[in-house]
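To start, the structure under review is shown below, and the notes come after it.
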Amino acid sequence: MTEKIETLLNEVAAFAPKTWDEVEAFRIRMLGKKGAVTALFDQFKAAPAEQKRTLGQAMNRLKSATVEKINELKARLEELALSSAEASAAALDMTRPAGADRVGSRHPISLVRNRILEIFGRIGFVPAEGPEIEDDWHVFTALNFPPEHPARDMQDTFFIEKDPDILLRTHTSSIQVRVMQSQQPPIRVICPGRVFRNEAISYRAHCIFHQVEGLYIDENVSFADLKQTILHFAKEMFGEKSEIRMRPSYFPFTEPSTEVDVSCNLCGGKGCPVCKYTGWLEIMGAGMVDPNVLEACGIDSKRYSGFAFGMGVERIAMLKYGVKDLRLYFENDLRFLRQFTPVI
């Protein structure tokens, strides 16, 4: 053991590292749980009694020398690192213009969705969400879709093959059904989410898109309340000078039903290629909630009335930002997305 101690003392004295990693590796090799010095102390237990005094002093001298060497080396490397940092700072030209860090942005769909929720949130509409995988009753039956309605056809809806009653929701109206089932009026909710339809992908259609739907149910809710709510939204989203018009339409879950157009914000209603020279752009469908829907959800249709509306977020984003191809929202092209980087 005496020879081993002397060999290790010489090794400690000759050790001259250049990096922190070398010092740390040396510390582990000498003082770690399986290190050379630690192993000697384990062997010390079996040494003859008459040698333990001399061996113990030598081993303590080895351990002290090793610890002192490691601390000395760490202090020296810290000093060198500090000197290097000071030299780098001294060489830095503080008058040089700073490099502009690239700032990220939210996706345009997220920007428009959040803006829609903000507008309706200020007039009392509370966000509500629901599952994307739904059953037939919440998506169709409760919303007054007759069994023969075309929307039930496989050409429009993604059904789950193992259970034809389970499907991917085709609209966020299913969220409204769940809200009406779980609470009594007054109800004022705004329902955002992804929806799925079995459609060919093109510049104007996609199999996945986003909707935001609103629902207001209370006593004495009228069509005038619906019109004023949508007009408020149009002015907030597209500008104070925006106007709306309502055209009669049909939806199974509303009666009467209407398609809502907003005056073209590009030409000011004078007519341009974007609005096909009509001066108007379609933005949503709306109407008064059909009494059959209220009754199906357990709400007294003789006491309460309400209105509902729904819009495609991609459609609103296309009108607001002048995007002409729906597919751009799904391609993650940085050249497209960087156009929505905020100015700071």
For this session: Could you tell me whether the side chain of T258 and the main chain of R247 form a donor-acceptor pair under 3.5 Å?
Result: yes

Problem set entry | Main-chain N/O of N292 paired with N144 side-chain donor or acceptor, under 3.5 Å | no

For this session: For E129, look at atom CD and say whether over 12 heavy atoms of other residues, nucleotides or ligands are found less than 6.0 Å away.
Result: no

Problem set entry | Interatomic distance, L326 atom CG to E314 atom CD [nearest 0.5 angstrom] | 5.5 Å

Problem set entry | Minimal non-hydrogen separation, A142 against A296, with atom names | O-CB, 4.0 Å

For this session: Return the orientation label for the F253 and H171 ring planes: parallel under 30°, perpendicular over 60°, tilted otherwise.
Result: perpendicular

Seminar exercise, completed: Of all heavy-atom pairs linking D325 and S202, the shortest is OD1-O, 4.3 Å

For this session: Go through D261 and L281 one step at a time and tell me if the side chain to side chain contact (heavy atoms under 4.5 Å, CB included) criterion holds.
Result: CA-CA 5 Å; D261 301 331; L281 296 165; over 6 Å; no

Exercise. If you draw a 6.0 Å radius around CD1 in I133, do more than 12 non-hydrogen atoms from other residues or ligands fall strictly inside?
Worked result: no

Exercise. Can you find a pair of side-chain heavy atoms, one from L319 and one from M237, that are under 4.5 Å apart?
Worked result: no

Exercise. Would one find more than 12 heavy atoms of other residues, nucleotides or ligands at under 6.0 Å from atom CG of N220?
Worked result: no

Problem set entry | Residue pair E331, R327: steps toward the salt bridge (charged side-chain N to carboxylate O under 4.0 Å, His left out) verdict | CA-CA 7 Å; E331 292 176 350; R327 293 168 293 191; 5.2 Å; no

For this session: Heavy atoms only: give me the nearest E199-C207 pair and the separation to one decimal.
Result: O-CB, 4.0 Å

Problem set entry | Derivation of the salt bridge (charged side-chain N to carboxylate O under 4.0 Å, His left out) call for E236 and R122 | CA-CA 11 Å; E236 289 289 316; R122 292 203 302 266; 2.5 Å; yes

Problem set entry | Backbone N/O of R61 and side chain of S64: donor-acceptor pair under 3.5 Å | no

For this session: Only counting residues at least two apart or in another chain, list the ones meeting side-chain contact (heavy atoms from CB on, under 4.5 Å) with E243.
Result: S263, W280

Problem set entry | Any donor-acceptor N or O pair under 3.5 Å, side chains T141, D136 | yes

Exercise. So, does R169 use its side chain to make a donor-acceptor pair with the main chain of G130 at under 3.5 Å?
Worked result: yes

For this session: Determine, stepwise, if the pair M180 / V293 fulfils side chain to side chain contact (heavy atoms under 4.5 Å, CB included).
Result: CA-CA 9 Å; M180 288 188 285; V293 175; 3.8 Å; yes

Exercise. Hey, is CD on Q339 packed in by over 12 heavy atoms from elsewhere, all under 6.0 Å?
Worked result: yes

Exercise. Is it the case that one hydrophobic cluster holds both F330 and I316, taking links as side-chain heavy atoms less than 4.5 Å apart, direct or via other members?
Worked result: yes

Problem set entry | From SG (C191) to CD1 (I175), nearest 0.5 Å | 5.0 Å

Exercise. With a 4.5 Å heavy-atom cut-off, do P185 and I299 have their side chains touching?
Worked result: yes

Exercise. How many angstroms lie between atom CG of L167 and atom CD1 of I160, to the nearest 0.5 angstrom?
Worked result: 7.5 Å

Seminar exercise, completed: Closest non-hydrogen atoms of I244 and M246, given as atom of the first, atom of the second and distance, are CD1-CE, 4.4 Å

For this session: Using a 4.5 Å cut-off on heavy atoms from C-beta on, say whether the side chain of T229 contacts that of F307.
Result: yes

Problem set entry | Partner of H138 by side-chain contact (heavy atoms from CB on, under 4.5 Å), out of S174, P131, C297, S173 | S174

Exercise. Going only through I, L, V, M, F, W and Y residues with side-chain contacts under 4.5 Å, is there a path from W137 to L215?
Worked result: yes

For this session: May I have the step-by-step check of ring-ring contact (aromatic ring centres under 6.0 Å, His included) for Y329 and F209, ending in yes or no?
Result: CA-CA 10 Å; Y329 294 128; F209 56 100; over 10 Å; no

For this session: With side chain to side chain contact (heavy atoms under 4.5 Å, CB included) as the test, would you mind laying out the steps for F336 and V323 before giving the verdict?
Result: CA-CA 10 Å; F336 171 71; V323 178; 4.0 Å; yes

Exercise. Roughly how far, to the nearest 0.5 Å, is CD1 of I190 from CZ of R188?
Worked result: 11.5 Å

Exercise. Can you name the nearest heavy-atom pair linking I208 to F196, along with the distance?
Worked result: CG1-CD2, 3.8 Å

For this session: Kindly check if the number of other-residue, nucleotide or ligand heavy atoms within 6.0 Å of NZ (K227) is above 12?
Result: no

Exercise. Per the side chain to side chain donor-acceptor pair (under 3.5 Å) rule, which among H210, E132, Q211 passes with R194?
Worked result: E132

Problem set entry | Atom CZ of R335: over 12 foreign heavy atoms under 6.0 Å | no

For this session: Any chance you could lay out the side chain to side chain contact (heavy atoms under 4.5 Å, CB included) test for I187 and V179, step after step, and finish with the verdict?
Result: CA-CA 8 Å; I187 297 172; V179 171; 3.8 Å; yes

Exercise. Linking I/L/V/M/F/W/Y whenever any side-chain heavy atoms sit under 4.5 Å apart, do I123 and I283 land together?
Worked result: yes

Problem set entry | Distance, nearest 0.5 Å, that separates CG of D156 from OG1 of T170 | 8.0 Å

Exercise. Is the shortest heavy-atom distance from the side chain of D290 to the side chain of F251 under 4.5 Å?
Worked result: no

Exercise. Within a strict 4.5 Å, meaning less than it, do heavy atoms of the E68 and E72 side chains meet?
Worked result: no

For this session: Go through F309 and F120 one step at a time and tell me if the ring-ring contact (aromatic ring centres under 6.0 Å, His included) criterion holds.
Result: CA-CA 12 Å; F309 57 85; F120 285 106; 4.9 Å; yes

Exercise. Would you say the side chain of T157 lies within less than 4.5 Å of the side chain of R197, judging by non-hydrogen atoms?
Worked result: no

Problem set entry | Heavy atoms from other residues, nucleotides or ligands near CZ of R245 exceed 12 (cutoff 6.0 Å) | yes

Exercise. With side chains defined as the heavy atoms from C-beta onward, is the minimum distance between L168 and F159 less than 4.5 Å?
Worked result: no

Exercise. Please walk me through it: do E134 and R178 pass salt bridge (charged side-chain N to carboxylate O under 4.0 Å, His left out)?
Worked result: CA-CA 11 Å; E134 271 287 10; R178 291 184 176 274; 2.7 Å; yes

For this session: Specify the closest pair of heavy atoms between L111 and S105, including all atoms of both residues, with the distance to one decimal.
Result: CD1-OG, 4.4 Å

Problem set entry | Separation of E22 CD from R27 CZ (nearest 0.5 Å) | 15.0 Å

Exercise. Is a donor on one side and an acceptor on the other found under 3.5 Å between the side chain of N114 and the backbone of S110?
Worked result: yes

For this session: Evaluate the ring planes of F238 and F233, with Trp represented by its six-membered ring, and classify them as parallel (under 30°), tilted (30 to 60°) or perpendicular (over 60°).
Result: perpendicular

Exercise. Okay, side chain of S305, backbone of V221: is any donor-acceptor separation there less than 3.5 Å?
Worked result: yes

Problem set entry | Hydrophobic cluster membership, M284 vs M318, 4.5 Å side-chain cutoff | yes

For this session: Answer yes or no: is there a side-chain heavy-atom contact under 4.5 Å between L143 and V177?
Result: yes

Exercise. With the 4.5 Å side-chain cut-off for hydrophobic clustering, are F145 and V195 part of the same group?
Worked result: no

